[in-house]
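Counting from 1, the numbers follow the sequence of the chain as shown.
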Amino acid sequence: MSRASSHALKHPPVTAPSEPAGATPFPELEVAIERQRRRGRGAQSNDSGRFEAEARVAFDDGWQSLDDLPPFKTTVSLDTSRKVITRNDSPDIGFDRSINPYRGCEHGCVYCFARPTHAFLGLSPGLDFESRLLAKPDAPELLEKELAAPGYEPRMIAIGTNTDPYQPIEREYKIMRGILEVLDRAGHPVGIVTKSALVTRDIDILQRMAKRNLAKVAISVTTLDAKLARTMEPRASTPPKRLEALRQLSAAGIPATVMVAPVIPALNDSEIERILDAAAHAGVKEASYVLLRLPLEVRDLFREWLMANYPDRYRHVFTLIRDMRGGRDYDSQWGTRMKGTGPMAWMIGRRFEIACEKLGLNKRRSKLTTDHFVKPKRSGQQLSLF
């Protein structure tokens with residue numbers, strides 16, 4: 001291992017196949033972690049976070065020192081945050097508060113727009129994001145306190161908007177189930193986004209809440225291609241399991257939405273209609289889509305992954321991405337960051353709308369209510385006589 005100065009380049013550039021002759025054909029191999037060490041992971045590399053004063057790069061010094069490095073294993077630390085509800089004022093999303101039971105996500109989706117948040121912890125948005133996780137086991141207790149606070153006004157809480165609340169470690173920690181139990185008792189509305197079939201474990205709670213218009217669930221189905229799914233989302237539920245989860249949720253009377261997200265041009269955009277058709281046959285009544293987003297470090301991680309797994313599509317994919325992002329790899333402007341701009345983005349949007357119309361999707365949108373909300377009783381609070 002070598003330690004570079006604070007002025008060192010923290011994210012070595014990845015040269016595209018279309019760059020000048022003489023360049024290394026696949027220089028991502030120079031920064032990528034050896035395959036056996038990252039087996040079952042999405043990212044190819046583990047560059048230092050952008051806020052770090054030093055950058056560390058693994059390289060072979062001729063003494064086979066890399067052979068002694070262990071494989072990446074999932075570790076879980078405790079998140080000791082005092083609050084669990086996060087607020088936002090973004091004008092182009094339909095919620096102003098959210099909960100993230102975990103930081104980092106073992107699903108390892110290479111395109112995950114939440115990866116840059118790991119840099120705030122001094123960790124890498126690459127392999128650290130999917131192997132060095134933080135959990136909030138006291139989230140249910142913290143949530144109950146916040147809901148009971150004077151002046152709290154209920155509005156839908158979104159869960160799964162950053163990292164997946166039903167990622168594999170939820171089987172052990174059961175934090176999400178504890179959160180749902182608190183929301184159920186308080187009569188508080190919740191919207192869940194996941195790509196895990198583990199959500200069906202909590203159908204008993206979600207069904208009770210749905211009967212009072214307090215819960216809805218969206219499941220992301222990125223592709224129906226098993227090979228692409230395993231390469232791109234290595235530890236997420238398989239596409240058939242996600243469709244089965246949608247079927248079970250719909251059968252239980254829980255409003256379920258299929259999310260075709262993200263749509264990646266020249267990689268999975270051809271599947272939009274097939275995914276919507278499969279979800280409609282599973283009983284889903286609502287659908288949405290999001291165009292691929294490549295903020296900050298996600299761009300380089302996705303580029304490395306694309307060159308390692310689909311090098312023949314690299315130039316075409318990024319040409320189309322730039323066509324939909326005003327000539328850039330990403331445009332973070334509110335209102336267009338989810339859908340993109342330009343002819344290609346317009347065509348994807350129209351294809352989605354036409355497919356939904358044919359399948360009878362989005363005829364009616366489920367709405368949650370705050371009418372049932374009752375503040376939890378705070379410790380030592382005197383009970384009301386009426």
Side-chain angles (χ1 to χ4, degrees), residues 76-90 93-105 114 117 121 133-194 196 198-218 249 252 254-255 366-386:
V76 182
S77 304
L78 297 185
D79 184 333
T80 57
S81 302
R82 295 185 180 183
K83 292 188 176 182
V84 71
I85 298 179
T86 301
R87 308 281 179 154
N88 80 83
D89 57 2
S90 301
I93 55 179
F95 58 89
D96 67 352
R97 64 199 70 182
S98 60
I99 295 175
N100 291 291
Y102 304 101
R103 303 181 76 170
C105 185
T117 61
L121 306 175
L133 313 179
L134 282 81
K136 304 176 184 178
D138 58 349
E141 291 77 15
L142 293 173
L143 174 61
E144 199 158 36
K145 290 180 181 178
E146 291 185 56
L147 298 183
Y152 178 81
E153 295 293 334
R155 291 189 64 180
M156 184 194 76
I157 289 178
I159 307 181
T161 58
N162 197 46
T163 58
D164 202 311
Y166 286 104
Q167 59 181 285
I169 60 173
E170 166 65 14
R171 295 183 184 277
E172 175 185 354
Y173 284 82
K174 298 182 175 62
I175 299 174
M176 183 60 184
R177 186 169 179 87
I179 289 173
L180 288 178
E181 289 170 343
V182 171
L183 295 174
D184 182 28
R185 289 195 299 268
H188 197 293
V190 62
I192 300 169
V193 179
T194 182
S196 173
L198 182 58
V199 66
T200 58
R201 179 201 63 188
D202 296 335
I203 279 182
D204 56 333
I205 302 177
L206 292 170
Q207 188 175 42
R208 289 199 305 267
M209 297 182 73
K211 289 179 179 179
R212 296 180 289 163
N213 293 325
L214 293 175
K216 58 182 180 180
V217 178
L249 291 168
I254 301 164
S366 58
K367 294 184 178 179
L368 303 184
T369 181
T370 59
D371 294 345
H372 304 290
F373 179 67
V374 178
K375 283 183 177 291
K377 299 298 181 182
R378 289 178 292 166
S379 178
Q381 180 179 2
Q382 183 175 351
L383 298 178
S384 171
L385 295 176
F386 305 99

| note | When every non-hydrogen atom of Val190 is compared with those of Leu368, the smallest separation belongs to O-CD1, 3.4 Å
| remark: Smallest heavy-atom separation, Leu133 atom then Cys105 atom, equals CD2-N, 3.5 Å
| task | Enter the distance from Ile99:CD1 to Asn162:CG here, rounded to the nearest 0.5 Å. | result | 13.0 Å
| task | Please report the C-alpha distance between Ile192 and Met176 in whole Å, then the side-chain angles of each, then the deciding distance to 0.1 Å, and finally whether the side chain to side chain contact (heavy atoms under 4.5 Å, CB included) criterion is met. | result | CA-CA 10 Å; Ile192 300 169; Met176 183 60 184; 3.6 Å; yes
| field | Short side-chain to backbone donor-acceptor contact, Arg212 and Asp371, under 3.5 Å | value | no
| query | When you look at Ile85 and Leu142, which way does the side chain to side chain contact (heavy atoms under 4.5 Å, CB included) test go after all the steps? | reply | CA-CA 9 Å; Ile85 298 179; Leu142 293 173; over 6 Å; no
| Counting N and O atoms only, with roles assigned by atom type, does the side chain of Lys375 sit under 3.5 Å from a partner on the main chain of Ala149, one being a donor and the other an acceptor? | yes
| field | Minimal non-hydrogen separation, Gly94 against Met156, with atom names | value | O-CE, 4.2 Å
| said: Could you work out, with side chain to side chain contact (heavy atoms under 4.5 Å, CB included) as the rule, every residue matching Ser77, not counting sequence neighbours? | reply: Leu134
| request: Just do the side chain to side chain contact (heavy atoms under 4.5 Å, CB included) check on Asp184 and Glu181 with the steps written out, would you? | output: CA-CA 5 Å; Asp184 182 28; Glu181 289 170 343; 5.6 Å; no
| Shortest non-hydrogen contact from Gln167 toward Leu198 | O-CD2, 4.3 Å
| Heavy-atom side-chain proximity of Ile179 to Val182 below 4.5 angstrom | no
| said: Let me confirm one number: the CD1-NZ distance from Ile254 to Lys211, rounded to the nearest 0.5 Å. | reply: 10.0 Å
| For the residue pair Gly187 and Leu214, what are the closest heavy atoms and their distance? | O-CD2, 3.4 Å
| message | Between Arg177 and Asp204, does the side chain to side chain contact (heavy atoms under 4.5 Å, CB included) criterion hold? Intermediate values first, please. | response | CA-CA 10 Å; Arg177 186 169 179 87; Asp204 56 333; 2.7 Å; yes
| message | How long is the straight-line distance from CZ of Arg208 back to CG of Leu180, given to the nearest 0.5 Å? | response | 9.5 Å
| Summary of ring-ring contact (aromatic ring centres under 6.0 Å, His included) pairs that have at least one residue in residues 171-194, sequence neighbours excluded | Tyr152-His188, His188-Phe373
| note | Applying side-chain hydrogen bond (donor to acceptor under 3.5 Å, both in side chains) to Glu170 and not counting sequence neighbours gives Tyr102, Arg201
| query | Got a second to check how far Lys216's NZ is from Leu206's CG, nearest 0.5 Å? | reply | 13.5 Å
| request: Report yes if some heavy atom in the side chain of Asp138 is under 4.5 Å from a heavy atom in the side chain of Leu78; otherwise report no. | output: no
| request: Quick one: list whatever passes side chain to side chain contact (heavy atoms under 4.5 Å, CB included) with Ser98, sequence neighbours left out. | output: Thr86, Phe95, Asn100, Ala158, Thr161
| message | Which residues pass the side-chain hydrogen bond (donor to acceptor under 3.5 Å, both in side chains) test with Asn88, not counting sequence neighbours? | response | none
| query | Rounded to the nearest 0.5 Å, how far apart are CG of Leu183 and CG of Leu143? | reply | 5.0 Å
| remark: In short, Val84 meets Ala139 closest at the heavy-atom pair CG2-CB, 3.8 Å
| For Tyr166, does its backbone N or O pair with a side-chain atom of Ser196 as donor and acceptor, under 3.5 Å? | yes
| task | Using the test salt bridge (Lys or Arg N to Asp or Glu O under 4.0 Å), find all partners of Glu144 that sit at least two apart in sequence or belong to another chain. | result | Arg185
| Pro140 and Ile175, any side-chain heavy atoms less than 4.5 Å apart | yes
